[in-house]
Amino acid sequence: MCAKKVAGVLGATGSVGQRFILLLANHPDFELKRLGASPRSAGKKYGSVVNWKQTDLLPEFAQDLMVTECKAEYFKDCDIVFSGLDADYAGSIEKEFVENGLHVISNAKNYRREDDVPLIVPIVNPEHLSIVENQKRKNNGGFIVCISNCSTAGLVSPLKPLVESFGPIDALTTTTLQAISGAGFSPGVPGIDILDNIIPFISGEEDKMEWETKKILGQVSKDNTQIDLLSDEEIKVSAQCNRVAVSDGHTECISFRFKNQPAPSVEQVKKCLREYECDAYKLKCFSAPKQTIHVLEANDRPQPRLDRNRDAGYGVSVGRIREDPVLDFKMVVLSHNTVIGAAGAGILIAEILLAQKMI
Ligand SMILES: NC(=O)C1=CN([C@@H]2O[C@H](COP(=O)(O)OP(=O)(O)OC[C@H]3O[C@@H](n4cnc5c(N)ncnc54)[C@H](OP(=O)(O)O)[C@@H]3O)[C@@H](O)[C@H]2O)C=CC1
Ligand SMILES: N[C@@H](CC(=O)OP(=O)(O)O)C(=O)O
């Protein structure tokens, strides 16, 4: 058996960082050895600085790990570095890591729009990872892969198999109901704001969903150096984002239209989603969902508390699939924002890179 790859986590104390710790405990491919956070937490044992908010207990292995500042010199033995850094600090820190030849998989938004940086939802577009070879040449072997916005991950997951089977989608609307863990822990959403309430604004979120969808559903360029985005003429995307009093799991009510008419039937759409097998599963990656998309038939599903942990949070649930009188179809999508929308996505990307001998 091969030795495990050494992993590090930046932003280890945050909402996404804590999820990385949980998902990397007892991982067969990666051993988590290095943790980074702000200078406030550095120099102390993880168990003494983290304000642990997960419903699973803090894994024992992490209690006594020392937290360092986020500097490449402390992470140089890492084969892979996962970042759950606050976007205000991620830009310069992640750049220093890449320039020092490290491999970074980031949750932060800072580099998602760079031409040669793949923006990945691992159950959707792992083929985009090939463009990191271009970054490696420039950075002494170092590269960065970005994970999409968590709501975008849920949105594009069912679209990918539909586009593969029935051709392009040219109009798409989504209204989100997003969990409070998506807003992070420092400071997070105050209880007084969210209790008995819905907040119909999440800064920057709608623009991210509308833009990122076009990159994720785009194609690798012929010279394998960048992603060719879908144009505004090819697909119109409209998002409205809301924060709701749910702990984990983003729900989205989406409607869409196919370019090619007549559109398929509801039964064809359901069959296509049920039969979709993501590449990570074909590659036998440890965390890959056995069932990528769970098509739920009950009228009142999916529900965050009941359905967010399907396939350990790596699967996406889709329910209420029906015809739409304005576009072709409407449906409700649920995805776990800190698993397939963040830390879990990072780990599954690393598993894909490993399976393809790219790390
Ligand atoms: N939560 C979610 O569902 C999703 C989040 N994201 C993105 O992931 C990233 C992390 O989000 P989230 O976990 O929610 O955020 P949190 O606010 O919960 O955590 C932020 C982390 O950044 C660290 N940090 C803060 N300041 C510094 C600094 N000066 N130097 C180094 N580290 C610092 C914090 O450490 P300390 O505790 O020491 O202050 C903490 O570990 C963000 O970029 C976010 O946009 C992406 C998708 C989904
Ligand atoms: N904005 C998302 C989480 C997030 O931080 O997204 P991004 O990584 O795109 O900034 C939410 O509030 O649920």
Side-chain angles (χ1 to χ4, degrees), residues 14-23 52-56 84 107 121-124 147-160 174-185 188-191 193-202 205-206 208-209 212-213 216 239-254 273 278 287-321 330-348:
S15 170
V16 172
Q18 292 185 20
R19 185 63 68 175
F20 271 121
I21 306 278
L22 276 181
L23 296 175
W52 189 256
K53 290 183 196 271
Q54 309 300 313
T55 48
D56 290 312
N107 276 283
V121 179
I123 57 175
V124 172
I147 299 163
S148 80
N149 167 271
C150 41
S151 305
T152 311
L155 177 65
V156 295
S157 293
L159 301 185
K160 171 71 183 288
T174 178
T175 300
T176 71
L177 306 146
Q178 298 182 216
I180 49 179
S181 59
F185 294 162
V189 183
D193 289 347
I194 199 71
L195 190 66
D196 185 29
N197 211 4
I198 291 173
I199 302 167
F201 176 67
I202 300 175
E205 196 80 352
E206 293 168 355
K208 279 186 265 184
M209 292 190 76
E212 291 182 18
T213 297
I216 295 164
Q240 299 194 67
C241 297
N242 302 281
R243 185 77 65 201
V244 298
V246 164
S247 58
D248 288 316
H250 288 356
T251 302
E252 302 183 38
C253 300
I254 81 174
L273 295 177
C278 65
S287 307
K290 215 163 147 189
Q291 183 71 43
T292 310
I293 312 243
H294 294 257
V295 175
L296 308 182
E297 293 290 355
N299 279 336
D300 59 354
R301 304 290 275 274
Q303 296 179 21
R305 188 151 48 83
L306 304 183
D307 297 306
R308 64 189 164 212
N309 288 327
R310 287 178 186 272
D311 275 276
Y314 287 88
V316 170
S317 298
V318 179
R320 308 214 58 224
I321 303 173
K330 51 186 168 181
M331 59 197 195
V332 181
V333 181
L334 170 74
S335 58
H336 197 305
N337 55 302
T338 63
V339 183
I340 196 58
I347 291 167
L348 192 48

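Heavy-atom basis, side chains included; hydrogens, waters and symmetry copies ignored. For reference, positions follow the sequence shown, starting with 1.
- In this structure Arg243 satisfies the salt bridge (charged side-chain N to carboxylate O under 4.0 Å, His left out) test with no other residue, sequence neighbours excluded.
- Taking Gln54 as the reference, Gln18, Arg19, Leu22, Trp52, Phe185 meet the side chain to side chain contact (heavy atoms under 4.5 Å, CB included) condition, with sequence neighbours excluded.
- In terms of heavy atoms, Ser287 sits closest to Ile347 at OG-CG2, 4.1 Å.
- Nearest heavy-atom pair across Glu206 and Cys241 is OE2-N, 2.8 Å.
- For the side chain to side chain donor-acceptor pair (under 3.5 Å) test, no residue two or more places apart in sequence or in another chain qualifies with Thr213.
- Under the side chain to side chain contact (heavy atoms under 4.5 Å, CB included) rule, Arg310 has a single partner from Ser317, Pro289, Pro302, which is Ser317.
- For Arg320, there are no side chain to side chain donor-acceptor pair (under 3.5 Å) partners two or more places apart in sequence or in a different chain.
- Residues passing the side chain to side chain contact (heavy atoms under 4.5 Å, CB included) test with Gln291 are His294, Asp311, sequence neighbours excluded.
- Partners of Ala345 by side chain to side chain contact (heavy atoms under 4.5 Å, CB included), not counting sequence neighbours, listed by chain and number: Pro122, Ile147.
- Although no hydrogens or angles enter the test, the distance criterion places no donor-acceptor pair under 3.5 Å between the side chain of Thr174 and the main chain of Glu252.
- Pro158 approaches Val333 most closely through the heavy-atom pair CG-CG2, 4.0 Å.
- The backbone N or O of Tyr314 sits nowhere less than 3.5 Å from a side-chain atom of His336 that would complete a donor-acceptor pair.
- Here Ile321 pairs with Val266, Val269, Lys270, Leu273, Val295, Val318, Met331 under the side chain to side chain contact (heavy atoms under 4.5 Å, CB included) rule; sequence neighbours left out.
- Residues satisfying the salt bridge (charged side-chain N to carboxylate O under 4.0 Å, His left out) test with Arg308, not counting sequence neighbours, are none.
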(request) Decide yes or no on side chain to side chain contact (heavy atoms under 4.5 Å, CB included) for Leu159 and Ile254, but give the supporting numbers first. (result) CA-CA 10 Å; Leu159 301 185; Ile254 81 174; 4.3 Å; yes
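- Residues forming a salt bridge (charged side-chain N to carboxylate O under 4.0 Å, His left out) with Lys208 (at least two apart in sequence, or on another chain): Glu205.
- In this structure, the separation between OG on Ser181 and CG on Asp248 is 4.0 Å, given to the nearest 0.5 Å.
- For the side chain to side chain donor-acceptor pair (under 3.5 Å) test, no residue two or more places apart in sequence or in another chain qualifies with Ser157.
- Under the salt bridge (charged side-chain N to carboxylate O under 4.0 Å, His left out) criterion, Glu212 pairs with Arg112, not counting sequence neighbours.
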